[in-house]
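Scroll down for the structure; my scribbles are underneath it.
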There are 2 protein chains.
Amino acid sequence: MAKAKRTLKWQRDPEGMRLRILEAAKQEFSAHGLAGARVDRIAAKAGANKRMLYYHVGNKDELYLAVLEGAYDKIRSEERGLDLEHLDPPEAIRRLIEFTWNYFLRNPEFLSLLQTENLARAKHLKKSTKVKSMHSPFVEMIRTVVRRGVDSGDFQVAVDPVQLYISIAALSFFYLSNSATLSVIFGRDLLDKKAKDERLAHMVGLVLAALTGRSAELFKIGKAPTSRAAVVQTV
Amino acid sequence: MAKAKRTLKWQRDPEGMRLRILEAAKQEFSAHGLAGARVDRIAAKAGANKRMLYYHVGNKDELYLAVLEGAYDKIRSEERGLDLEHLDPPEAIRRLIEFTWNYFLRNPEFLSLLQTENLARAKHLKKSTKVKSMHSPFVEMIRTVVRRGVDSGDFQVAVDPVQLYISIAALSFFYLSNSATLSVIFGRDLLDKKAKDERLAHMVGLVLAALTGRSAELFKIGKAPTSRAAVVQTV
DNA sequence: GGAGAAATTAACCCGTTGGATAAATACTGT
DNA sequence: ACAGTATTTATCCAACGGGTTAATTTCTCC
């Protein structure tokens with residue numbers, strides 16, 4: 001009680017608290033799934049009292065949905081910055097594949113969250129009003145690229161943009177989200193540097209070859225193939 | 001105590017019991033994940049006393065691993081019956097894609113189990129000695145097909161069989177295992193008859209086009225494309 | 001400088017759940 | 001027919017986990 005101002009036991013910081021809670025929840029839900037996640041651990045990780053979760057966000061399910069919405073928001077927002085409109089169509093597709101791959105690599109929690117939500121048959125996502133509206137602009141962006149590619153003669157097929165995007169996402173998503181079991185059953189580490197480089201090359205080659213019909217050139221690692229002898233490579 | 005043999009309260013059936021337990025466990029784990037699965041529900045579904053799970057298989061984790069091993073065993077065993085060795089290479093690849101797609105459609109629990117195990121970073125699978133040995137014959141089967149395709153000139157690239165199989169599995173797996181969230185965000189039902197037919201055609205077209213370099217012919221729905229005008233189709 | 005609101009902590013509640021113990025019942029071989 | 005073993009049922013319980021209640025502390029504005 002002297003002149004020294006007594007140290008506070010805690011400070012108020014509602015916005016910061018909410019962010020720390022959501023970040024901690026993202027970690028916890030992606031690491032353990034919905035049922036495996038522990039509310040107490042989220043609180044501890046956020047440096048908060050458990051009560052704070054309910055005060056600032058809601059119960060476990062609401063917390064989970066908030067995390068999920070935030071995750072979709074983040075990837076779609078980054079995708080908008082890709083600026084595919086101004087690229088050569090094949091180059092645009094290549095960039096989309098590379099972005100998707102790298103985004104999944106940089107954000108493994110996103111993959112886990114989607115897996116978890118799909119195990120729940122999208123029960124929570126269906127309640128979200130925000131998420132549905134995020135995606136039509138994205139589909140239109142791809143549709144435009146495909147159309148331009150067809151018109152220019154670069155692409156031989158007018159593929160459905162949704163189908164194409166699902167395939168692009170699939171090639172990266174499955175490889176990464178299932179890398180644990182795949183590494184075990186195939187007995188090789190799919191996440192080391194070399195394997196990852198090869199995977200990216202394989203995916204780009206696969207999709208662009210299918211679209212343009214020029215498989216040998218795209219797949220090749222060394223020089224162009226001779227007439228009947230194929231390029232032997234490990235991608 | 002008359003002559004009528006008193007009705008038994010229960011009968012012995014160790015083998016049948018074990019099978020019913022594993023089947024019930026498969027249902028439960030695939031429907032709710034590892035943490036979400038309830039031991040009591042498995043017992044009830046198997047028409048068994050909870051104690052039986054521990055008596056015949058083991059604790060929750062051991063039960064889960066047994067289910068997982070059984071699932072891998074089943075798909076690899078069916079794959080062995082594909083007899084790809086005696087088919088034209090492009091036809092062999094088509095058949096592998098179609099089999100994979102249909103197997104995943106017929107066995108949705110398999111997809112869920114893999115997702116669950118990957119969320120656990122293959123913690124359980126790593127302990128399995130059986131599973132690792134199941135896969136090398138399968139990889140060799142694909143390697144042979146690719147080599148034959150390259151030799152015959154059907155395929156323009158000697159793709160790595162593991163990489164190829166992962167891509168084939170990915171295209172089906174992601175579409176089906178994530179159909180719940182994808183259907184929500186893209187606003188269309190990806191599991192209705194038409195959508196499924198289109199997906200299969202898309203996948204076969206994508207992979208065979210990339211391997212053979214003849215995308216337009218493979219993708220086409222109607223007649224062959226003219227020189228620069230692409231085939232417009234929704235696959 | 002103090003009253004009222006906002007933010008946070010502390011402590012508790014209570015149904016659930018994986019797992020264990022012990023007793024009962026059905027088989028099997030002799 | 002009966003002893004011994006394999007299989008199954010009936011209970012129990014301690015820990016856990018989501019959520020709640022109530023008290024405490026900090027901040028804001030007059």
Side-chain angles (χ1 to χ4, degrees), chain A residues 1-29 31-68 116 120 123-124, chain B residues 1 3-29 31-67 116 120 123-124:
Chain A
M1 285 64 178
K3 77 188 77 152
K5 202 176 209 169
R6 179 167 132 276
T7 55
L8 297 177
K9 294 187 178 169
W10 48 269
Q11 303 171 44
R12 289 187 177 184
D13 179 17
E15 303 83 7
M17 178 66 94
R18 190 184 149 88
L19 288 180
R20 276 181 294 136
I21 288 172
L22 288 176
E23 178 60 31
K26 183 165 80 176
Q27 301 294 330
E28 178 72 9
F29 284 124
H32 302 285
L34 180 51
R38 293 292 165 257
V39 171
D40 294 278
R41 276 201 297 252
I42 295 174
K45 228 172 293 186
N49 184 286
K50 181 166 54 160
R51 181 66 229 278
M52 291 293 89
L53 315 191
Y54 297 90
Y55 185 76
H56 287 289
V57 188
N59 66 21
K60 194 181 184 184
D61 272 8
E62 293 168 317
L63 190 49
Y64 169 75
L65 180 56
V67 166
L68 198 58
T116 295
K123 186 174 73 172
H124 313 84
Chain B
M1 284 62 180
K3 75 188 79 154
K5 202 176 208 166
R6 179 168 130 276
T7 54
L8 297 177
K9 295 187 177 168
W10 49 268
Q11 303 171 45
R12 290 187 177 184
D13 179 18
E15 304 82 9
M17 178 66 93
R18 191 184 149 88
L19 288 179
R20 276 180 295 136
I21 289 172
L22 288 175
E23 177 60 31
K26 183 165 81 176
Q27 302 295 330
E28 178 72 10
F29 283 124
H32 303 284
L34 180 52
R38 293 292 164 256
V39 171
D40 293 280
R41 275 201 299 252
I42 295 175
K45 229 173 292 186
N49 185 286
K50 184 168 51 161
R51 180 67 228 277
M52 293 293 88
L53 313 191
Y54 298 90
Y55 184 77
H56 287 288
V57 189
N59 65 22
K60 194 182 183 183
D61 273 8
E62 294 168 315
L63 190 49
Y64 169 74
L65 179 57
V67 167
T116 296
K123 187 174 71 171
H124 313 84

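All chains are named by letter (A, B, ...) in the order of the sequence lines, taking the proteins before the strands, and each is independently numbered beginning at 1.
For the pair A/Trp10 CH2 and D/dT24 P, the computed distance is 13 Å after rounding to whole Å. Atom C1' of nucleotide C/dT9 and atom NZ of A/Lys9 are separated by 9 Å, given to the nearest angstrom. In this entry the distance linking CG of B/Leu34 with C1' of C/dG18 reads 12 Å, nearest Å. Rounding to whole angstrom units, CG of residue A/Asp61 and C1' of D/dG17 are separated by 14 Å. Following rounding to the nearest Å, B/Leu63 (CG) and C/dG18 (P) show an atom-to-atom distance of 11 Å. Atom CZ in A/Arg12 sits about 13 Å away from atom C1' in C/dT9, given to the nearest Å. B/Asp40 places its CG atom 15 Å from the P atom of D/dT11, with the value rounded to the nearest Å. Per the geometry, CG belonging to A/Asp13 stands 15 Å off P belonging to D/dT26, to the nearest Å.
Contacts of A/Ala35 with the nucleic acid, taken as non-hydrogen atoms under 4.0 Å apart, are absent.
Out of D/dG17, C/dT17, D/dG19, the shortest distance to the side chain of A/Arg38 is found at D/dG17.
Of the two residues near DNA chain C, A/Arg20 and B/Gly36, the one whose nearest nucleotide lies more 5' is A/Arg20.
B/Ala48 and B/Met17 get closest at one heavy-atom pair: CB-SD, 3.5 Å. A/Thr116 and A/Phe29 get closest at one heavy-atom pair: OG1-O, 4.3 Å. Closest approach of B/Arg12 and B/Pro14 over heavy atoms only: C-CD, 3.9 Å.
With a 4.5 Å cut-off on side-chain heavy atoms, A/Val39 and A/Tyr54 count as touching. A/Glu28 is not listed as a side-chain neighbour of A/Tyr64, based on a closest heavy-atom distance of 4.5 Å or more.
Applying the salt bridge (Lys or Arg N to Asp or Glu O under 4.0 Å) criterion to B/Lys123, with sequence neighbours excluded, gives no partner residue.
Within the 3.5 Å criterion, the main-chain N or O of A/Glu23 finds no donor-acceptor partner in the side chain of A/Lys45.
For the segment residues 41-58 of chain B, the set of residues with a heavy atom within less than 4.0 Å of an atom of DNA chain C comprises B/Lys50, B/Arg51, B/Tyr54, in numerical order.
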